[in-house]
Each structure stands twice: as structure tokens, then as C-alpha cells.
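Note that the numbering runs from 1 along the sequence shown for the chain. Atoms within each ligand, like the ligands themselves, are counted from 1 in listed order.
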Amino acid sequence: ASEAKDYDVIFIGGGVAGYVGAIKAGQEGLKVACIEKRGSLGGTCLNVGCIPSKSLLNNSHLYHQILHDTKRRGIDVGDVKLNLKQMMKAKDESVNGLTKGVEFLFKKNGVDYIKGHGAFVNEHEVAVSLIDGGQTQVKGKNIVVCTGSETTPFPGLEIDEKKVITSTGAIALEEVPKKMLVIGGGIIGLEMASVWSRLGSDVTVVEFLGQIGGPGMDVEIAKNTQKILTRQGLKFKLNTKVTKGDASGQGVKLDLEAAKGGKNETVEADVCLVAIGRRPYTDGLGLENVGIEQDERKRLVIDQEYRTKIPHIRVIGDCTFGPMLAHKAEEEAVAAVEYIKHGHGHVNYNAIPSVMYTNPEVAWVGQNEKELKEAGVKYNVGSFPFTANSRAKTNLETDGMVKFLSDAETDRILGVHIIGANAGEMIAEGTLAIEYGASSEDVARTCHAHPTLAEAFKEAAMSTYSKAIHY
Ligand code: FAD
Ligand code: NAD
């Protein structure tokens, strides 16, 4: 057993957390291996998550826009047809290009890529069942667990990825379903509902809570978003619980119950997407051989420096605490390697942006109004609508607004919430402002180019402590 090859650090899982950590470790001169069982690097994000979903969101938007939003722009188009096969091919090409790119970066930074399933043998050794057959064993001074997450199943509805699908099926459907039901109006539900609705499906989203977008989204922004998505053709049933699913017939039937008592109904569709959240994935990892703790939600328990009870075994990304976001995993990966190499690292969990890539996009960073109220923080609100922004007017994309929340006493920015075209790019400025502890006046006194959507950002900041010029 002591034949095992020695490493300074081993990453179990080659998703965003694992691959970024491995590259960083290579750059730091550490001897590093990354074990991945999928046969391709980049994890959920590159293979079946962020990247393929954004390809479909972009191209389905273009299709929808060409169908419905060209006349007023002075463009008369002829026969517009969907070629779903080609749209899927374009998606696959983006994915393949990026995953191959990571493999190249591994070579460039001296990372050993071990293709197989890793399981702890003991606190320093990991056995790998190789994809190509056979076994190998590796030994690490440090081991970083980054095995990611999986879809939370809906009891009683068996996933076949054709009729009852997760996001993985939703990025690979072979035809546009006539009717589609989505359980869960969070980020996955809304992004995927947008894609298929734009391509022609009649989509209904069933959400247990009274608002869409999940708990992080500001209530005012969520209401605004729901209005716009409804206008685009999406249907919503809020405050509604799915109590039972039945996929034994031709389509899928769901029994619904109003969350606070009320009428029950049964709805039917050809395809049902289960999007009620994701949970940590640690199957077959041999956690029992090292005694790493999990909490009631299966998250691996760690301290501030990502250490488990066994200090040289760390955990980062979706399989531990915090938002399940690729950029959060990436930040943790860099910090974890810095802890290993230098003894210190840094992630500001208050400055992690969220973006929902619907049209318009929704993005936020920091706290929302509900959170500030609950914490008893006194705050000022500033906002600016895109209807009053010159670039939005020229682009005929005036839906949405920018909203600033700043400390009532110090004017320090506490949260920024945006719904509008390019919100996902614009939120970077809000994130930087929060990272640097800026006040809304700092942002408002910074010159922004004209005409840009970012001027709405500046003016929202201005209206937080003073008055906007253009509204
Ligand atoms: P993962 O990416 O899940 O990677 C874990 C890897 O570990 C997997 O490849 C798995 O095969 C491997 N593995 C597991 N166990 C073992 C083992 N024992 N041995 C070897 N390998 C193992 N986030 C965003 O920030 N922006 C987005 O736009 C976005 N869009 C998304 C869209 C969808 C449809 C989904 C599902 C997710 C999306 N996410 C998005 C979330 C993002 O994908 C995750 O937060 C991110 O992938 C987490 O990275 P990770 O490395 O922790 O885990
Ligand atoms: P989510 O937690 O965002 O949303 C799940 C929603 O389902 C919630 O609103 C919840 O109230 C609802 N729900 C739960 N049980 C229900 C039931 N029985 N009936 C009706 N509604 C129910 O989870 P998700 O959308 O599955 O996404 C999972 C993770 O993936 C998230 O953490 C998200 O951050 C990440 N993700 C991010 C992006 C992005 O950054 N653009 C895109 C996709 C996924």
C-alpha cells in the first residue's frame, strides 16, 4: 500500500473548486494531483451547469427576439425557424472548448490529472478506481475535498432526464415540449423556464414561497422580475406546494396545494423539471474512513480556514457551507491553497455577487431590504429606472432598475440590486464598491461614460444620499 505516489496536495473533484485550486497549487510550486471521475474537467459548472445553460439562454433569447422584437427596430425578417439540434451543438462546442482548455491549463501548471473515482482509505491516502479500469492509490500531505453537489430529488418522482428532468435533462431536450411544469421558482427553475418558453413551450412554474428567485433576491426586484417574465409568457403559481407527482402515464401529473390552505388542483404536462435546490454530493467518498462530520443538510463541516476535524483535510465549494456558486467555489479554492502554502487566505462572503441570467438579467450583492430590516439596520434607499437612462432608451431595453441600499449614518453601501439588461456585468462595480467599503457618494462622484447603462448605476447611487439628475 505504501507504493502510493506522494503529493503536497490532492484535490478530490475536478469542478470549479478543484480545478482552480489545482492550478493555483501548481503555480505556487506545490506537487499537485486532481482526481475527477466524470471524464472531463470543470465539474457541474462547465459540463452541465453555468456554461451550457448560458449558451442556451443566449441563443434562445436571440431566437425569441428575432421572432418578436425586430419590427419596431426597423428590421423585417422572413421565415424564422428553430434548429434545436444546431443550438445544442453550439452549446456542446462551447462546453468542449472550455473543458479542453482546463486540461491544457493542468499541463501548463504541472497538475497530475487522475481520471477516476477517489475514496479515502485513511487520513492521507486516497484510492482511485480509474475510469479506464484498475486502481491506483495516492498519498497527500494535504487533501482538499471538492466533490460538489447534485439535484435534490422530489420524493415519488423518478428522474429519467426525458420526462422528469433535472437541469441536466433541461439542457439536452431533443424537442420542445408542448407543456412544461417546473417545480421550484429559484434560479435554475427561472433560467430553464425562460429557455423553453422562448423556444415555444407553455411553461408553468410552481413555487412554494410567495416570491420567485429564491431568498437572496430583493422582494421589490423579485416582483418586478415576475411581472416582466409573465409578460414574456411564463405562468406562475406562487404560495403553492407540490404534494405529489405521478409520471406513470404519458405525461407528468402534479398535485398542488395552496401553501396556506385553499383549493387543491392537479396539473399536467409533457415534461416536468425538478428544481427545488441542490444538496452536497459525497457518495462513495469513504468519509467514514476518516470521520469527517456532516451537518443535517449533508454539508461537510469545516472551520474558517476550510479545515475539517482533520486539519490537513479541507473542504471547499458546493459540498460545504455558503452559496452554491461557481465564483464562490473559485475564491475558496485560491484561499485554501494560500492557507496551505502561506498560512493565510481571504474570502469576503459579504461581497459575493449573484446573477440570474434571464432577460432582463437580475443581479445583486450584499444585503437586501428584508435582511437589513431583520438585522435592525437603519438604511437609505436610492434607485434609478432604466426608462430614464439614455443608452437603455436607444437600445429599446428600458425594463428594470438599479437599487442601492446604504447605511443611514455612514452612507456605506450595504447592498446593490439590479434588474435590467447587462445587470450581470454591472454588478461587478457594486461588488468592487462593497469590497472597498465605498459609500454611495463615492460611486456617484466617480465619472461614468456616456451613454452607458452604468450611468443608471451612478444615478441610483446619487439618489441614495441626494437626488438623481435625470429622474
Ligand atoms: P462541481 O462543479 O459539482 O464539481 C465537483 C466534481 O467532483 C464533479 O465533476 C464530480 O464528478 C467530481 N466528483 C465527485 N465525487 C468525486 C469522487 N469521489 N472522485 C472524483 N471526482 C468526484 N453558478 C454560477 O456561479 N453561475 C451560474 O451561472 C451557474 N449556473 C448553473 C446552472 C446549473 C444548471 C447548475 C446545476 C448549476 C449552476 N451554477 C452556477 C452552480 C455551479 O455550477 C456550482 O456552484 C459549481 O459547479 C460548484 O463547483 P464545485 O467544484 O464545488 O462542484
Ligand atoms: P434554489 O434554492 O435557488 O431554488 C429552489 C426553489 O424551489 C426555492 O425557491 C424553493 O422555495 C422552491 N421549492 C422547494 N421545494 C418546493 C416544492 N415542494 N414545491 C414548490 N417549490 C419548492 O435552487 P435551484 O434553483 O435548484 O438552484 C440550485 C443551486 O444552483 C442554487 O444554489 C443556485 O445558486 C445555483 N445556480 C446558480 C445559477 C446562477 O448563478 N445563475 C444558475 C443555476 C443554478
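Using the six-membered ring where Trp is involved, H312 and H124 have ring planes that are parallel, under 30° apart on the 30 and 60° scheme.
For the ligand labelled ligand 1, residue C319 lies outside the 4.0 Å heavy-atom shell.
In this structure a side-chain-to-backbone donor-acceptor pair under 3.5 Å is missing from K141 to V9. Between the side chain of K91 and the backbone N or O of I171 there is at least one donor-acceptor pair closer than 3.5 Å. W196 places a side-chain N or O within 3.5 Å of a backbone atom of A170 that can act as its donor or acceptor partner. Side-chain atoms of T240 come within 3.5 Å of backbone N or O of L238 as a donor-acceptor pair. Between the side chain of E36 and the backbone N or O of R38 there is at least one donor-acceptor pair closer than 3.5 Å.
Only the side chain of I183 comes within 4.0 Å of ligand 2, counting heavy atoms alone; its backbone N, CA, C and O stay farther away. Contact annotation: for I171 versus ligand 1, there are no heavy atoms closer than 4.0 Å. In L285, the part holding a heavy atom less than 4.0 Å from any atom of ligand 1 is the side chain. By the criterion of a heavy-atom distance under 4.0 Å, the side chain of I188, and not its backbone, is placed next to ligand 1. For M192, no heavy-atom contact with ligand 1 is shorter than 4.0 Å. At a heavy-atom distance under 4.0 Å, no atom of K328 approaches ligand 1.
At the shortest separation from atom 41 (N) of ligand 2 among protein heavy atoms lies V355 O, 2.7 Å. Protein heavy atom closest to atom 2 (O) of ligand 1, with residue, atom name and distance, is T44 N, 2.9 Å. Of all protein heavy atoms, the one lying nearest to atom 21 (N) of ligand 2 is F208 N, 3.2 Å. The nearest protein atom to atom 38 (C) of ligand 2, hydrogens excluded, is given as I187 CG2, 3.4 Å; this is a heavy-atom distance. With respect to atom 31 (C) of ligand 2, the closest heavy atom belonging to the protein is M324 O, 4.3 Å. Protein heavy atom closest to atom 30 (O) of ligand 2, with residue, atom name and distance, is R278 CD, 3.8 Å. Of the protein's non-hydrogen atoms, the one nearest atom 11 (O) of ligand 2 is E207 OE2, 2.6 Å. Atom 7 (O) of ligand 2 has G184 CA, 3.3 Å as its closest protein atom, hydrogens excluded (heavy atom only). Taking atom 44 (C) of ligand 2 as the reference point, the nearest protein heavy-atom neighbour is I188 CG1, 3.2 Å.
Looking at ligand 2, you won't find any N or O of G214 less than 3.5 Å from one of its N or O atoms. The distance criterion of under 3.5 Å between nitrogen or oxygen atoms is not met by E191 with respect to ligand 1. Residue L209 has no N or O atom closer than 3.5 Å to an N or O atom of ligand 2. Residue Y357 has no nitrogen or oxygen atom sitting less than 3.5 Å from a nitrogen or oxygen atom of ligand 2, judged on distance alone. At a 3.5 angstrom cut-off on N or O pairs, Y357 does not count as close to ligand 1.
Residue A326 holds the heavy atom nearest to atom 24 (C) of ligand 1 of all those in A326, G284, A119. The closest heavy-atom contact to atom 39 (N) of ligand 1, among the options C50, S149, G49, comes from C50.
In this structure, K31 satisfies the cation-pi test against Y7, with its NZ or CZ atom closer than 6.0 Å to the six-membered ring centre and inside 45 degrees of the ring normal.
Contact atoms of ligand 1 toward S167: 34 (C), 36 (C) (distance under 4.0 Å to a heavy atom of the residue). For ligand 1, the atoms closer than 4.0 angstrom to any heavy atom of A17 are 51 (O), 52 (O). The contact set between ligand 1 and C45, taken as ligand atoms under 4.0 Å from a residue heavy atom, comprises 2 (O), 43 (O), 47 (O). Close approach to M324 involves these atoms of ligand 1, each under 4.0 Å from a residue heavy atom: 41 (C), 45 (O).
Annotation: side chain of I143 is in contact with side chain of I12 (closest heavy-atom distance under 4.5 Å).
For the pair D270 and V252, the tightest heavy-atom approach, listed with the atom from each and the gap, is O-CG2, 4.1 Å.
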